[in-house]
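Reading through the structure tokens given below for one structure.
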Amino acid sequence: MPRCASCLCSTPPTACAARRVLLSSRVAHSLATIRSVARRRGTPMTSPAPGLLEAEGPDLEVLVTEAAGALSSVEAAEVRCLLTGATGTGPDLLAQALGAPSLAAAAARLRHADLVPLFADETARFHAEYQRIVRLDDGGTVGHEALLRATTVDGDRVMPDQLFPAADEAGWTHVLDRVGRTTAIRDAGPWLADDLLFINFVPTSIYRPEVCLQTTERAATEAGLRMDQLVFEVTEGHVIEDVDHLDRVFAHYRGRGCRVALDDLGSGWSSLALLVRLQPDIVKLERAIVQALPAPAAVAVVTAVVDITHSYGGLVLAEGVETETQAQVARELGADLGQGWLWGRPERRTTAPSADAGRALPGAVPDPSWPDAAVALDPREGAVGAVVPPAEPELLARAVDLTGSSVVVVDALAPDMPIVYVNGSFTSTTGYPAAEAVGRNCRFLQGPGTDRAALSDLAEALRRGQPHHTTLLNVRRDGTTWWNELHLSPLRNAEGVVTHYVGFQHDVTERVTAELALRERVGTDVLTGALNRDALLTELDRQVRAPGPGPVVLFVDLDGFKRVNDRFGHTVGDTALRVVADRLHTVVRAGDLLARLGGDEFVLVLTDLETGPDDGPASALAGALAAAHRVAADVERVLAAPVELPGGPVLVGASVGVAVHPADGETPAELLRAADVAMYRAKARRARTAAAAAAAAAD
């Protein structure tokens with residue numbers, strides 16, 4: 001199997017047996033813990049430089065394993081660990097040190113060393129099993145999803161729930177992902193015929209698609225498969241932090257003729273955001289959603305995903321179908337394809353599956369980003385590039401008028417790019433007749449709610465003469481607004497100069513409105529109306545990444561709330577939580593956030609706090625803390641009043657912890673953890689104060 005020379009995808013990097021270990025950390029107490037482990041083992045350690053420990057001798061692998069176990073997961077991920085045979089401090093050691101893994105990864109490589117021989121003989125040790133994918137309308141097979149499996153030298157099966165977590169812990173994801181792609185193609189070559197092959201991949205394992213995916217394309221050539229048979233799918237279970245990179249990977253696959261798919265859709269509003277942004281060819285509904293059908297909540301999610309996907313011409317696949325009822329409901333809701341035990345479990349194949357009725361994908365809405373040549377010109381001026389004979393512009397104009405999309409043609413060479421043609425659908429959608437639109441720039445459709453950033457991207461595409469796709473909030477002639485999904489295509493003359501732009505406009509108001517409503521419902525705590533945990537983490541992540549002063553987090557924990565549930569029951573307790581949320585809403589300002597993490601824990605996120613004169617970071621931190629503690633005092637004040645409940649009034653106090661970005665943490669998890677710790681300190685202070693008051697009263 002050809003490999004990328006000297007790349008992470010070639011062989012798994014391992015923590016080799018060696019007589020020298022170097023450990024570095026910026027956290028003093030982590031190094032102190034490692035020293036303690038070494039002393040217990042009788043392993044001498046030196047400190048060649050601040051933040052660096054070194055040891056030589058036998059059994060260093062055991063030292064690394066025990067040190068990782070003695071630290072918390074956060075500490076073990078921060079410490080760097082180099083097991084090496086290199087001596088001295090020359091370039092060889094430096095090169096290894098720069099690529100050293102975390103202590104957690106090094107320990108994982110030692111713990112899972114029995115899996116390394118699998119990669120040494122991947123052709124013999126890895127194979128793929130395949131599960132059918134069918135059309136829901138007639139049950140005909142359209143493709144197969146490949147699932148990677150492994151066996152040891154002794155013939156024992158390595159379970160997926162062991163293999164994939166081990167690869168993730170040890171930093172072997174790159175090599176396992178490449179093996180998965182090439183094995184799926186290799187094993188399918190002898191029998192796939194013209195069916196589609198669905199292949200899972202991890203986008204973070206691909207640094208530059210045109211380089212890292214060469215092994216995949218080479219495997220397809222060797223297996224005799226066409227690139228247009230391959231469907232590459234990424235599961236939403238993988239954390240996707242760089243959507244731009246995933247977009248580039250998708251674009252590369254599509255440029256090679258492949259299809260792309262997004263898996264596990266429906267588990268959160270972030271999935272819908274990815275769907276709208278990436279517009280994959282095939283969308284796979286999350287198994288749990290499909291298996292919950294026909295529950296109303298599952299129906300609502302499936303309906304939203306189907307509507308959005310079909311609006312741009314994609315197909316929806318219901319995954320995990322186990323019953324005829326699930327298949328029937330998914331089909332009635334508009335899903336196109338199905339996969340699950342109802343049609344067969346994954347199996348290893350060596351021969352072609354039995355033939356069935358046709359293998360074509362279901363018909364789908366044509367992709368409006370690739371307009372037909374028949375309408376890709378100015379109908380009033382005849383053909384562009386001789387697509388249509390110049391003698392037939394009138395016929396062409398009538399044909400364009402019959403299309404269901406609004407069509408706008410602008411003159412790219414004239415000042416301010418005026419409109420030179422609109423069809424009848426444009427008038428029906430916007431209310432503007434051709435006489436009022438022709439001669440004007442399209443910006444007259446914009447309003448105060450139109451996204452300025454989206455307009456800037458559109459202007460840049462026009463400047464570069466590139467196709468562009470965006471969704472804008474536009475204004476009709478009567479003043480009402482509508483969401484316009486715009487597909488813009490440049491028209492060039494024989495010399496390659498852009499002479500016109502054709503805009504295809506689609507009214508997607510219902511889709512966007514439904515998406516926004518679903519996003520709001522999914523991101524809201526049903527009981528209190530505050531944000532839920534997922535929405536909080538998403539917004540907090542956006543705020544810590546934004547330039548300027550970071551957010552301040554207040555962690556609010558109710559005191560004695562368990563007594564309310566024990567005394568009155570959970571129904572009354574839920575009423576109390578709603579009252580608490582209403583009171584907290586009176587404290588936060590318009591730009592602040594209120595979220596319920598669960599139980600009786602709430603979080604406030606404060607932004608744009610008045611911090612006083614700008615005398616440097618220390619002054620800003622002091623000002624932010626002072627402002628945050630004023631809000632914390634307000635929280636304690638509004639929650640100090642008794643809560644009137646059906647069983648009588650109860651006192652529900654609160655302890656509040658404060659954390660400021662970036663002093664107390666740079667990530668949402670770090671900020672929440674710091675605020676949580678501060679809250680427990682505040683709760684302990686309140687308990688000591690109460691105890692002292694009680695003792696004084698007793699005296």
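Here the structure is a predicted model, which is why all the values come from computation and not from measurement.
Nearest heavy atoms, C81 versus V21: SG-CG2, 4.0 Å. When all heavy atoms of A576 and F561 are compared, the closest pair comes out as CB-CE1, 3.9 Å. Closest heavy-atom contact between A105 and P101: CB-CB, 3.9 Å. Residues R287 and G320 approach most closely at NH1-CA, 3.4 Å, considering heavy atoms. Closest approach of A581 and L594 over heavy atoms only: O-CD2, 3.8 Å. Closest approach of E54 and P48 over heavy atoms only: OE1-CG, 3.4 Å.
Applying the side chain to side chain contact (heavy atoms under 4.5 Å, CB included) rule to R125 yields the partners L118, D121, T151, V153; only residues at least two apart in sequence or on another chain are considered. Residues meeting the side chain to side chain contact (heavy atoms under 4.5 Å, CB included) test with A100, sequence neighbours left out: L82. Residues satisfying the ring pair (Phe, Tyr, Trp, His ring centres under 6.0 Å) test with F232, not counting sequence neighbours, are Y253. In this view, F126 and F119 satisfy the ring pair (Phe, Tyr, Trp, His ring centres under 6.0 Å) rule, not counting sequence neighbours. With sequence neighbours excluded, the residues forming a side chain to side chain contact (heavy atoms under 4.5 Å, CB included) with H570 are N565, listed by chain and number.
Distance check: L60 CG to T84 OG1 gives 11.0 Å after rounding to the nearest 0.5 Å. Interatomic distance, OG1 of T46 versus CG of L52, reported as 8.0 Å (0.5 Å rounding). Distance CZ/R181 to CG/L176: 10.5 Å, rounded to 0.5 Å. Residue L53 holds its CG atom at 4.5 Å from CE of M45, rounded to the nearest 0.5 Å. Note that OG1 of T33 and CD of E66 are 13.5 Å apart. Values are rounded to the nearest 0.5 Å. The distance from atom CG of D177 to atom OG1 of T216, rounded to the nearest 0.5 Å, is 8.0 Å.
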D525 vs T528, side chain to side chain donor-acceptor pair (under 3.5 Å): CA-CA, chis, key distance, verdict: CA-CA 6 Å; D525 176 56; T528 64; 2.6 Å; yes
Worked verdict on L593 versus L606 for side-chain contact (heavy atoms from CB on, under 4.5 Å): CA-CA 7 Å; L593 303 177; L606 312 178; over 6 Å; no
Worked verdict on R109 versus E169 for salt bridge (Lys or Arg N to Asp or Glu O under 4.0 Å): CA-CA 8 Å; R109 292 172 185 180; E169 292 176 13; over 6 Å; no
side-chain contact (heavy atoms from CB on, under 4.5 Å) evaluation trace for D592 with L604: CA-CA 7 Å; D592 298 334; L604 280 69; over 6 Å; no
Derivation and outcome, side-chain contact (heavy atoms from CB on, under 4.5 Å), residues K284 and L262: CA-CA 6 Å; K284 301 184 76 172; L262 199 59; over 6 Å; no
Intermediate values then yes/no, salt bridge (Lys or Arg N to Asp or Glu O under 4.0 Å), R178 and E122: CA-CA 11 Å; R178 177 195 59 78; E122 64 184 62; 2.9 Å; yes
side-chain contact (heavy atoms from CB on, under 4.5 Å) between V158 and T152, worked out: CA-CA 7 Å; V158 182; T152 66; 3.7 Å; yes
Test salt bridge (Lys or Arg N to Asp or Glu O under 4.0 Å) applied to D541 and R545, step by step: CA-CA 6 Å; D541 183 67; R545 293 172 183 268; 2.9 Å; yes
Verdict with reasoning, E601 to R596, per salt bridge (Lys or Arg N to Asp or Glu O under 4.0 Å): CA-CA 6 Å; E601 295 178 338; R596 178 176 174 237; over 6 Å; no
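Ion pairing of D582 with R578 is absent here, as no side-chain N (NZ or NE/NH1/NH2) approaches a carboxylate O to less than 4.0 Å.
Residues F602 and V635 are not in side-chain contact: their nearest non-hydrogen atoms beyond the backbone lie 4.5 Å or more apart. Side-chain contact between V79 and V27 is absent, with no heavy atoms from C-beta onward closer than 4.5 Å. Counting only heavy atoms from C-beta outward, the side chains of L554 and V603 never approach each other to under 4.5 Å. Between V658 and V553, the closest side-chain pair of non-hydrogen atoms is not below 4.5 Å. For the pair V260 and E233, the minimum side-chain heavy-atom distance is 4.5 Å or more. In this structure, T524 and N532 have side chains that are not in contact, with every pair of non-hydrogen atoms separated by 4.5 Å or more. Residues L23 and R80 form no side-chain contact, since every pair of their non-hydrogen atoms from C-beta on lies 4.5 Å or further apart. Side-chain contact between L63 and V37: present, with at least one pair of heavy atoms (C-beta onward) separated by less than 4.5 Å.
Side-chain contact, S30 with E78: no donor N or O sits under 3.5 Å from an acceptor N or O. Side-chain contact of T689 with R686: a donor-acceptor pair under 3.5 Å is absent, judged by distance alone. With hydrogens and angles left out, the side-chain atoms of E666 and H661 include no donor and acceptor closer than 3.5 Å. Using modelled atom types and a 3.5 Å distance limit, the side chains of S655 and D559 yield a donor-acceptor pair.
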Under 3.5 Å, sequence neighbours excluded: what are the donor-acceptor pairs made by side chains of residues 67-77?
from: S72; atom 1: OG; to: E75; atom 2: N; distance (Å): 3.2
from: S72; atom 1: OG; to: E75; atom 2: OE1; distance (Å): 3.3
from: E75; atom 1: OE1; to: S72; atom 2: N; distance (Å): 2.8
from: E75; atom 1: OE2; to: H29; atom 2: ND1; distance (Å): 2.9

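With T586 contributing its side chain and R583 its backbone, the two residues share a donor-acceptor pair below 3.5 Å. No donor-acceptor distance shorter than 3.5 angstrom exists from the side chain of D676 to the backbone of F555, with no hydrogens or angles considered. Side-chain N or O atoms of D664 include one that pairs as donor or acceptor with a backbone N or O of V660 at under 3.5 Å.
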